[in-house]
Amino acid sequence: MSGSGSKLVIPLWESSQLATLHWLTHGVTGRTGGVSPAPFDSLNLGLHVGDVPECVLENRTRLAASAGRSSPDQMVCAQQVHGSHAAVVGPGQAGLGARSLQTALADADALITAAPGLLLTLFFADCLPIFLVDPEHRVVSIAHAGWRGLVGGVIENTLQTMTDRFGTRPESLHAAIGPGIGACCFEVGGEVAARFPASVVTRGLQGSPTVHLAAAARLRLATAGVADHRIDSADICTACSTDRFFSHRAENGKTGRMGGFIALRIAG
């Protein structure tokens with residue numbers, strides 16, 4: 001690949017609330033603006049889906065450039081397992097998983113840092129990107145939250161880790177919920193629906209239960225002490241928007257991954 005990504009800015013979803021915080025950068029990529037072939041066309045950022053690795057690395061260079069980085073080497077990536085473990089990372093972890101899946105941080109579905117410059121990056125195709133930002137202590141995090149992660153407590157574990165390590169107060173947090181599969185498309189079995197509050201479960205056109213993951217995430221954030229007016233939500237269904245986003249469900253598992261990222265800006 002040519003490395004031309006350093007000159008490109010790719011389309012991003014950004015939280016309007018987090019965008020007001022000048023000391024951080026964040027976003028969720030779409031599927032356009034990259035170099036991957038079908039069915040990963042075109043801005044696939046996942047090294048684990050069968051795409052050409054050189055294409056993925058060029059796409060990651062483009063993501064890094066959009067976040068103000070010269071290369072992916074300040075990314076920190078995780079081997080996501082649909083779990084609830086939250087890992088705190090610092091300068092010594094820069095580059096983990098950026099160019100090789102094998103070097104990614106093992107078994108983590110949330111990343112937290114207070115280190116300026118580190119680009120916390122996780123990968124999504126229907127699961128929710130959850131951003132938590134502590135403006136008092138300048139700590140940021142991103143979590144990967146599908147239904148398993150939500151019921152397993154990935155939001156609560158991330159918040160508790162921020163509290164334990166940095167003194168974060170839930171009432172001071174800003175939170176944002178990025179694009180993910182909507183209740184319109186997330187039909188589940190009764191055993192999955194039973195693990196969610198009735199308020200976020202509806203019935204689909206075929207009579208099967210559907211779960212509103214973003215509403216479930218918002219409820220968990222509020223229960224954990226985050227003020228409702230400090231929670232921003234994209235309310236975009238990735239399965240309904242495969243022209244803009246990757247969707248594992250809508251595309252029968254043969255698709256790419258968006259990147260969700262957040263970083264503290266380096267002063268000056």
Notebook entry, point to check: Same cluster for L118 and L264 if Ile/Leu/Val/Met/Phe/Trp/Tyr side chains link at under 4.5 Å?
Noted result: yes

Note to self: Tell me the closest heavy-atom pair linking G97 and L47, and the distance in Å.
What the structure shows: O-CD1, 4.3 Å

Notebook entry, point to check: With the 4.5 Å side-chain cut-off for hydrophobic clustering, are V76 and L122 part of the same group?
Noted result: yes

Donor-acceptor contacts, no H, no angles, side chain residues 123-132, under 3.5 Å, sequence neighbours left out:
| from | atom 1 | to | atom 2 | distance (Å) |
| --- | --- | --- | --- | --- |
| D126 | OD1 | T238 | OG1 | 2.7 |
| D126 | OD1 | S247 | OG | 2.9 |
| D126 | OD2 | S247 | OG | 3.1 |
| D126 | OD2 | H248 | N | 3.1 |
| D126 | OD2 | R249 | N | 2.8 |

Check: Taking only residues at least two apart or on different chains, which pairs with a member in residues 86-115 satisfy ring pair (Phe, Tyr, Trp, His ring centres under 6.0 Å)?
Finding: none

Next item on the list: Kindly indicate, with the supporting measurements, whether the criterion side chain to side chain contact (heavy atoms under 4.5 Å, CB included) is fulfilled by H26 and E14.
Entry: CA-CA 7 Å; H26 79 287; E14 294 179 288; 3.8 Å; yes

Margin query: Please list all pairs meeting ring pair (Phe, Tyr, Trp, His ring centres under 6.0 Å) that have one or both residues in residues 49-102, counting only residues at least two apart or in different chains.
Written below: H82-H144

Notebook entry, point to check: Do R244 and T32 have side chains that get closer than 4.5 Å, going by heavy atoms?
Noted result: no

Notebook entry, point to check: What's the shortest heavy-atom distance between G178 and A234, and which atoms?
Noted result: C-CB, 3.7 Å

Checklist line | L105 reachable from V88 in the ILVMFWY side-chain graph, under 4.5 Å edges | finding: no

Could you tabulate the donor-acceptor pairs under 3.5 Å formed by side-chain atoms of residues 191-204, not counting sequence neighbours?
| from | atom 1 | to | atom 2 | distance (Å) |
| --- | --- | --- | --- | --- |
| T202 | OG1 | T210 | OG1 | 2.6 |
| R203 | NH1 | G207 | O | 2.9 |

Next item on the list: State yes or no: do L221 and L173 share one hydrophobic cluster built from I, L, V, M, F, W and Y residues joined by side-chain heavy-atom distances below 4.5 Å, directly or via other members?
Entry: yes

Next item on the list: Measure across R69 and G117 and return the closest heavy-atom pair with its distance rounded to 0.1 Å.
Entry: NE-O, 3.1 Å

Next item on the list: Indicate the atoms forming the closest heavy-atom contact of F166 with H137, along with that distance.
Entry: O-CD2, 3.3 Å

Next item on the list: Looking only at non-hydrogen atoms, find the nearest pair between T161 and A86 and report the distance.
Entry: OG1-CB, 4.1 Å

Notebook entry, point to check: What heavy-atom pair brings L159 and A224 nearest, and what distance separates the two atoms?
Noted result: CD2-CB, 3.6 Å

Quiz: residues 147-155 side-chain donor-acceptor pairs under 3.5 angstrom, not counting sequence neighbours:
none

Table please: side-chain donor-acceptor pairs of residues 16-23 below 3.5 Å, with sequence neighbours left out.
| from | atom 1 | to | atom 2 | distance (Å) |
| --- | --- | --- | --- | --- |
| Q17 | OE1 | H174 | ND1 | 2.6 |
| T20 | OG1 | Q17 | O | 2.7 |

Next item on the list: Please tell me if the side chains of W13 and S15 come closer than 4.5 Å, counting only heavy atoms from C-beta onward.
Entry: yes

Check: Are I10 and V56 co-members of a hydrophobic cluster defined by side-chain heavy atoms under 4.5 Å apart?
Finding: no

